[in-house]
Amino acid sequence: MPKLKSHRGAAKRFSTTKSGKIKRAKAYKRHILTKKSTKRLRGLRQTGYIAECEEKKIRKLIPYS
């Protein structure tokens with residue numbers, strides 16, 4: 001059986017933690033930041049995690065991470 005190729009776009013966006021959860025970056029932090037509150041921007045800085053229902057799909061895209 002040959003090695004699987006990881007989806008490079010997904011590999012750049014997602015990473016796994018030691019406990020097995022999949023980390024992701026929060027959305028809405030690229031532009032038009034002046035109207036967003038400081039509290040909201042601080043929350044967007046923290047990492048998010050993939051929902052359990054999506055986890056199976058993402059694991060297929062990044063098999064060896």
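In this structure, Ile22 CD1 and Lys56 NZ are separated by 13.0 Å, a value rounded to the nearest 0.5 Å. Here the NZ atom belonging to Lys57 is positioned 9.5 Å from the CG atom belonging to Leu61, to the nearest 0.5 angstrom. Separation of atoms OG (Ser15) and CZ (Arg24) is listed at 12.0 Å; rounding is to 0.5 Å. One distance of note links CG of Leu33 with OG1 of Thr38; it measures 11.0 Å at 0.5 Å rounding. To the nearest 0.5 Å, atoms NZ (Lys23) and OG (Ser65) are separated by 11.0 Å. In this structure, CD on Glu54 lies 9.0 Å from CZ on Phe14, to the nearest 0.5 angstrom.
The local environment of NZ in Lys26 is crowded, with over 12 non-hydrogen atoms from other residues, nucleotides or ligands closer than 6.0 Å. The 12-atom threshold is exceeded at NZ of Lys36, counting heavy atoms of other residues, nucleotides or ligands nearer than 6.0 Å. Open room surrounds CZ on Arg13; 12 or fewer heavy atoms of other groups in view lie less than 6.0 Å from it.
Contact record, Leu44 with Tyr28: CD1-O, 3.4 Å, taken as the closest heavy-atom pair. When all heavy atoms of Lys29 and Arg45 are compared, the closest pair comes out as CE-CG, 4.1 Å.
Within the 3.5 Å criterion, the main-chain N or O of Lys5 finds no donor-acceptor partner in the side chain of Tyr64. A donor-acceptor pair is defined here as one N or O able to donate and one able to accept, closer than 3.5 Å; no such pair exists between the side chain of Thr16 and the backbone of Gly20.
A donor-acceptor contact closer than 3.5 angstrom links the side chains of Ser6 and Arg8.
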